[in-house]
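The structure appears below as structure tokens.
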Amino acid sequence: MGAQTTSTRGTFEARVLTLVRRIPRGRVATYGDVAELAGRPRAWRAVGTIMSNCRSPTVPCHRVVGAGGRLGGYSEPWRKRQLLREEGIVVGRRAIRQFSQVRWTPR
DNA sequence: ATTTTGACCGTGC
DNA sequence: CGCACGGCCAAAA
């Protein structure tokens, strides 16, 4: 490695996808969380853009939610709520209940 | 290199 | 409480 060891050499997108794959079943992370974990704390906007493009079944993109536990976007919103509920997450009309308890933090 | 495009976020009214 | 706006950022055009 050269002197410039800023961080991974992969694209931001690659890091984001890797992170999202690590979110366990029954847990969630916000777009902001993912951005921060990927090393770009303010790139939440870009994370959303990446998610919109991510059609890979190996990436549980439904576990990436909006700030404060709000659902955020999805290709088909009702499907996102359904998937989260199937994992045991309680979703109210607007947001996830007990959000702080289901919010994922890497170890 | 510059412009456009979003599954966003926080603030203010 | 809800909506509009500005700011933010990486990737694609």
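Please read these numbers as outputs of a predicted model, since none were measured by experiment. Every chain is numbered from 1 and lettered A, B, ... according to where its sequence line falls, protein lines coming before strand lines.
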* Asked: What residues, two or more places apart in sequence or in another chain, satisfy salt bridge (Lys or Arg N to Asp or Glu O under 4.0 Å) together with A:Glu86?
  -> none
* Asked: Side-chain heavy atoms under 4.5 angstrom apart, residues restricted to Ile, Leu, Val, Met, Phe, Trp, Tyr: same cluster for A:Trp44 and A:Leu37?
  -> yes
* Asked: Using a heavy-atom cut-off of 4.0 Å to chain A, what are the terminal contacting nucleotides of DNA chain B, in 5' to 3' order?
  ->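 Going 5' to 3' along DNA chain B, contacts run B:dG6 to B:dG10.
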* If you draw a 6.0 Å radius around CZ in A:Arg85, do more than 12 non-hydrogen atoms from other residues or ligands fall strictly inside? ->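 Yes - once you tally the heavy atoms of other residues, nucleotides and ligands closer than 6.0 Å, there are more than 12.
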Interatomic spacing from [atom1] in [X] to [atom2] in [Y] - rounded to 0.5 Å:
X	Y	atom1	atom2	result
A:Tyr31	A:Ile50	OH	CD1	11.5 Å
A:Leu83	A:Trp78	CG	CH2	11.5 Å
A:Ile96	A:Arg70	CD1	CZ	11.0 Å
A:Thr58	A:Arg21	OG1	CZ	4.5 Å

* **Positions of residues 66-80 of chain A (non-hydrogen atom under 4.0 Å from DNA chain B), listed by number** => A:Gly66, A:Ala67, A:Gly73, A:Tyr74
Could you list all N or O pairs between the protein and nucleotides 2-8 of chain C that sit under 3.5 Å apart?
| from | atom 1 | to | atom 2 | distance (Å) |
| --- | --- | --- | --- | --- |
| C:dG7 | O6 | A:Arg45 | NH2 | 3.4 |

* Structure fact -> Residue pairs meeting salt bridge (Lys or Arg N to Asp or Glu O under 4.0 Å), one or both in residues 54-68 of chain A, sequence neighbours left out, come to A:Arg63-A:Glu87
Side chain [X], main chain [Y], donor-acceptor under 3.5 Å:
X	Y	answer
A:Arg97	A:Val91	no
A:Lys80	A:Ser75	no
A:Ser56	A:Val59	no
A:Arg40	A:Ala35	no

Using nucleotides 11-13 of chain C, report all nitrogen or oxygen pairs with the protein that are shorter than 3.5 Å.
| from | atom 1 | to | atom 2 | distance (Å) |
| --- | --- | --- | --- | --- |
| C:dA11 | OP1 | A:Phe12 | N | 3.1 |
| C:dA11 | OP1 | A:Glu13 | N | 3.2 |

